[in-house]
Amino acid sequence: MPALQATDLSKLYGSGEAAVHALRGVTVAFEAGRFHAIMGASGSGKSTLLHCLAGLDRPTGGTVRISDTALDTLNDEKLTLLRRDHVGFVFQKFNLLPVLTARENIVLPLTIAGRRPDPEWFDRVVAAVGLADRLDHRPAELSGGQQQRVAVARALMTRPWVVFADEPTGNLDSRSGAEVLGLLRDAVAQLGQTVVMVTHDLHAAAHCDRVVFLQDGRYAAELESPAPDDIVAMLARLDAAVPAGR
Amino acid sequence: MIRLTLRTARANLTRSLLSALAVVLGVAFVSGSLMFTEGLAVAMTAHATAEYRNIDVEVSQPDGVSGDWPADMLDRVRKVDGVRAAEKTWSLFNLGLSAGDGRKVIGDHRAVNVAADPRLQPIEATSGRMPGKRGEVVLDERTADREHLGAGDKLLISSFGAKSRTYTLVGLTATTKGGFDNTGALIVMTTPDMEAISGYPSTTIIVSAAPGVSNDDLAARITAAVGARALPHDQLVEEAKNAAVGNAEEFRDALLGFGVIAVCMAAFVIANTFTIVLAQRTREIALLRLVGTTRRQVFRSVVAEAAVVGAAGSVLGLAAGVLLAYGLPAALAAAGAPADVRPVISGTTVLVALAVGIGVTVLSALLPARRGTAVAPVAALSDASVQIARPVGRTRRIAGTVTFAAGLVSLAAANRAMLVIAGALLTVTGFLLLSPVLVPALIRFLRPPLAALGGATAALALLNAARNPRRIATTTNALVVGVTLIATFTLIAKSTEAPAERRAGDKMFAQFLVMDANGLGILPAGVVEALRAQPEIGAGLHPAYQSFDKDSGNEVRTGGTGGPAEGSAVVSADLGLAVGATVTVQGRRFPVSAVSPGTRTVWLSAGDMVAVFGEPFLTEIQVDPAPGVSSTDARAALDRALQAYPAVVAYDHDGYVDHLNARLNQALAVITALLSLAVIIALIGVANTLTLSVVERTRENALLRAVGLTRRQLRRTLTFEALVIALTGTLIGTAISMAITLSALRSVEAHGSRLALVIPWDRLTVLLAVAVLAALTASILPARRAVRHPIAATLAAD
Ligand SMILES: Nc1ncnc2c1ncn2[C@@H]1O[C@H](COP(=O)(O)OP(=O)(O)OP(=O)(O)O)[C@@H](O)[C@H]1O
Ligand SMILES: [Mg+2]
């Protein structure tokens, strides 16, 4: 059974003349314990899909199920609690609260829930992201790569059903980017996490078990454990197929 | 650039509105006070003019000269050529007044006399007629209305310590007693009646001129003939007007004092708002600079924005001021101002309001504008959305520490009033300087326990509150000043007036206390006989007498319950007499039975006082009901006996407590009301800061919502933040005011009177509750705004 399932998902921004169809009936499933990538041209609806999948935004039509839960049946409060307890996030930037230290940022979802972190798990996650000596620093005192690693640690802290990442390496140099990707990869391989990541980066996508391609708000294709060349070929094909006038 | 300014002002409407609100309140108070006091001057001038209707010349003693007023002065004036008619006048105070059925009219009444000749009467009857013969009086309409009196009713009127006489009310007049006090009645009676009750000769004569004689001529002729000061009508009116306007101006200045405080608060709030807004616009400003706008242009545009906000605020403030000016008379009537004042809106007031509103806004925006526009163009390229708070400068730290310490030292020394005031000013100023260090430190100190209590939301709120030390400092500073003012007034008032309960308990040993209502402390001697005639209470009288032994220069009084027995005396220690010695009073010798603290005083029993002095001053009487008589019956007997004495009142314990509290509480209420404006403006500052912080933290809040903070929790976080700011300000203000009050009480103690700090918990609790409520209210809008933002869009936005 898939960890995450979107059925006939559509999203309409605005109305009338100015209406934008960001998603036009996307049906896609993500199996548990794998590292999924979502790719596509700019404006193809990747972020919108991710937000709808993660319960950060409500789709205009269709349904999302995380594990057994249909998100459209939840009210805002329940949805928030679901995000808190069962979903992890890594964004491109602005991942951390500037007033909190790295440690406090990592345990933030647990603090909000009023739970104590499991110290063993905490140590393991912190060791994995290699931040043990930086825990009492504030985000402003950390480099961009370190900040992203803190964000990954936070995403893993609750042992969520799914971790969502939207261009987590978009703001990083190639080395820091590779480190963050390696962390997500390890989370899947060693901890059995499910990760869904939006990316423009070929090498990042090449780390993944599966790549889903979007085009103009629609599911276009997917590749299993592709090599970078396969991805380039697929993107080129989709690009050529862009309907005239777009 | 102007277009850009207006566009930014409009785009930032909410922020502008909030800072404008502070301007609106400040301007409203100032302009409202001006409109009201101008109206007051008009009313009082009209009153002054009316006083001299029909009076062509007034003859009086030159200022500062007494005596030498010949008894036949009136005849001599009448004989002057050109005088048609002349009359002696009195203006008599300390009167007792009651309706014929004994219902007492409490207040500071004034009685005047009028001549029989209607053309020499300054006062006119608006209904009924003027008094024509002895026993007839006219009363002002206001009092008659309030007491439901009308022509034909009987009135009892007594003068200073005397038994009352009965008069008949024959008419009412629109003229009032005049001045600021609006509780007292104006009583108009005939000259013979006045002569009978006043007890002293008149030294003022009013004159009506014969046809064809000018006032100025006549005044000159009278001065030449009798040697007294004679002023013609126009000059009299002029002097009275000046006095009236002077009084109104004094009143205005007092009100404006509160206005200045309010405007200063508004300046705090405005400066803070501009600082925050400009910090948030760093990127935008840098972008303008990047494309070639000079720093001067940016600065000017910010100042122009301030002027626009100030102008808008002033116009709204003027409108609110009009409302206030109509509301003030009612509110200030409690403080003794005349209630029949129509506010006057003059050009000057409008100009002053605009100048204050625009001036204060622009001035308070100058410094923030200078700092905020000093942005390097490259800031546009860097990630400037995370605010870096400027650290507190060394100079400020040092100056603050020194001032604060100096203030505390002078408060601790506190042997003179000047030192206390200087200490208070220094302490507050020092605190204002140090608050960017002290307030965040206090909050950091409070964080662990509150976080343990309130959980994640509380911890986060505290962090957010203290994240920008300058911002929270400025926000709390305004509140600290307002609360310090109110709390200091309250604490000092409550501490100097020892609790009325206790004072009443100390003073009253019997069930009832009979006193004089005018506060002169002297009762008509006949009251004792009147009370003694009542069987329910006649046996339980404890009159208190006071007199002066001319031979020894000693004060002689009756002692209370612990006083000396008949035939013996208690003396004050400074007389140097021991128990067993004898003391002489009016040539009679009394053995000393005890020595008591005091200065040059001998205490005797009531019986001995009467025996020695014959008619000592009767200051008060305590009354116990006869055995077996209920207090209701005793009360009825008291009222019956005192019916003939309008100026004498009887209190039971609770009534006396109320009486003691009444005046103080009234004054305190008015001051508190006026000062609370300052606190309200400071609380608007809290709302302002919170709103702006929420705008600034839009993205952070979205992140928090993404990782699992529910809407309710987010709202609670903001509420908590508002609470922390409001409570910090209130508690610090209260603490400072306690220090000031303690010091003030100690400085008085140095002069011999011992005063303990009385903490009026009820009032402080109310103050705290108001702050809490206001904080909750202040957080509603920002919180609503914060939870409304869509999470995904906010996070995606650049
Ligand atoms: N809040 C919004 N209001 C209106 N239109 C929006 C909004 N958010 C996204 N869109 C539009 O929806 C479409 C899909 O946007 P989305 O952000 O999902 O693209 P993307 O694939 O993530 O692009 P990129 O690779 O540039 O991040 C775009 O045409 C975009 O303009
Ligand atoms: Mg995107």
Side-chain angles (χ1 to χ4, degrees), chain A residues 11 13 22 46-59 75-101 104-115 138-140 144 151 154-155 157-158 160 164 166-167 171, chain B residues 382-389 440 443-444 447-448 451-469 471-472 693 696-717 721 787-798:
Chain A
K11 176 76 183 179
Y13 286 114
K46 304 182 294 292
S47 298
T48 307
L49 175 62
L50 196 80
H51 291 155
C52 290
L53 289 175
L56 288 172
D57 207 352
R58 299 260 189 200
N75 63 14
D76 184 80
E77 166 115 10
K78 291 233 173 70
L79 193 59
T80 306
L81 297 185
L82 177 103
R83 282 201 306 269
R84 185 184 79 190
D85 297 334
H86 303 300
V87 177
F89 294 97
V90 183
F91 302 103
Q92 183 173 352
K93 48 185 181 176
F94 307 120
N95 261 308
L96 308 177
L97 285 192
V99 282
L100 299 181
T101 61
E104 288 166 335
N105 264 299
I106 291 173
V107 298
L108 183 62
L110 293 173
T111 318
I112 293 174
R115 285 203 294 270
R138 296 196 188 239
R154 182 193 62 209
M157 202 55 221
T158 53
F164 292 97
D166 192 352
E167 301 189 45
N171 267 16
Chain B
S382 65
D383 190 12
S385 63
V386 176
Q387 299 284 320
I388 301 150
I443 290 180
R444 263 198 301 280
R447 190 178 167 215
L453 222 73
T457 45
L460 201 63
L462 288 169
L463 272 180
N464 278 334
R467 72 197 298 178
N468 188 329
R471 187 180 301 176
I472 189 171
S693 302
E696 186 174 284
R697 296 203 297 254
T698 308
R699 194 189 295 276
E700 280 174 41
N701 289 336
L703 178 67
L704 277 167
R705 295 270 293 118
V707 301
L709 199 72
T710 61
R711 286 209 169 112
R712 189 150 14 116
Q713 282 178 310
L714 179 54
R715 229 180 266 130
R716 214 187 299 150
T717 309
E721 187 175 344
V787 299
R788 224 179 23 205
H789 277 290
I791 307 171
T794 309
L795 282 172
D798 190 27

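A note on names: the letters A, B, ... follow the listed sequences, proteins ahead of strands, and every chain is numbered from 1.
Contact annotation for Leu96(A): only backbone heavy atoms (N, CA, C, O) come within less than 4.5 Å of a heavy atom of chain B. With a 4.5 Å cut-off on non-hydrogen atoms, Arg154(A) touches chain B through its side chain but not through its backbone. Contacts of Arg697(B) with chain A are absent, with no heavy-atom separation under 4.5 Å from either backbone or side chain. With a 4.5 angstrom heavy-atom cutoff, Leu709(B) touches chain A via backbone and side-chain atoms both. Contacts of Gln92(A) with chain B are absent, with no heavy-atom separation under 4.5 Å from either backbone or side chain.
Distance check, rounded to the nearest 0.5 Å: CD of Glu721(B) to CG of Leu463(B) gives 10.0 Å. Taken from CG in Asn105(A) to CG in Leu100(A), the straight-line distance is 5.0 Å, to the nearest 0.5 Å. Once rounded to the nearest 0.5 Å, the distance linking CZ of Arg711(B) with CZ of Arg705(B) reads 5.0 Å. Rounding to the nearest 0.5 Å places CZ of Phe91(A) at 10.5 Å from OG of Ser47(A).
Of all the listed residues (Leu56(A), Asp76(A), Thr48(A)), the one sharing the greatest number of non-hydrogen pairs under 4.5 Å with chain B is Asp76(A).
Side-chain contact between Gln713(B) and Thr80(A) is absent, with no heavy atoms from C-beta onward closer than 4.5 Å. Asp85(A) places a side-chain heavy atom less than 4.5 Å from the side chain of Arg115(A). You'll find the side chain of Leu460(B) reaches within 4.5 Å of the side chain of Leu704(B), heavy atoms only.
Scanning both residues, Pro98(A) and Pro139(A), for their nearest heavy atoms gives O-CD, 3.8 Å.
A donor-acceptor pair under 3.5 Å is absent between the side-chain atoms of Asn701(B) and the main chain of Val787(B), judged by distance alone.
Residues of residues 107-114 of chain A lying under 4.5 angstrom from chain B, judged on non-hydrogen atoms, are Leu108(A), Pro109(A), Thr111(A), Ile112(A) by number.
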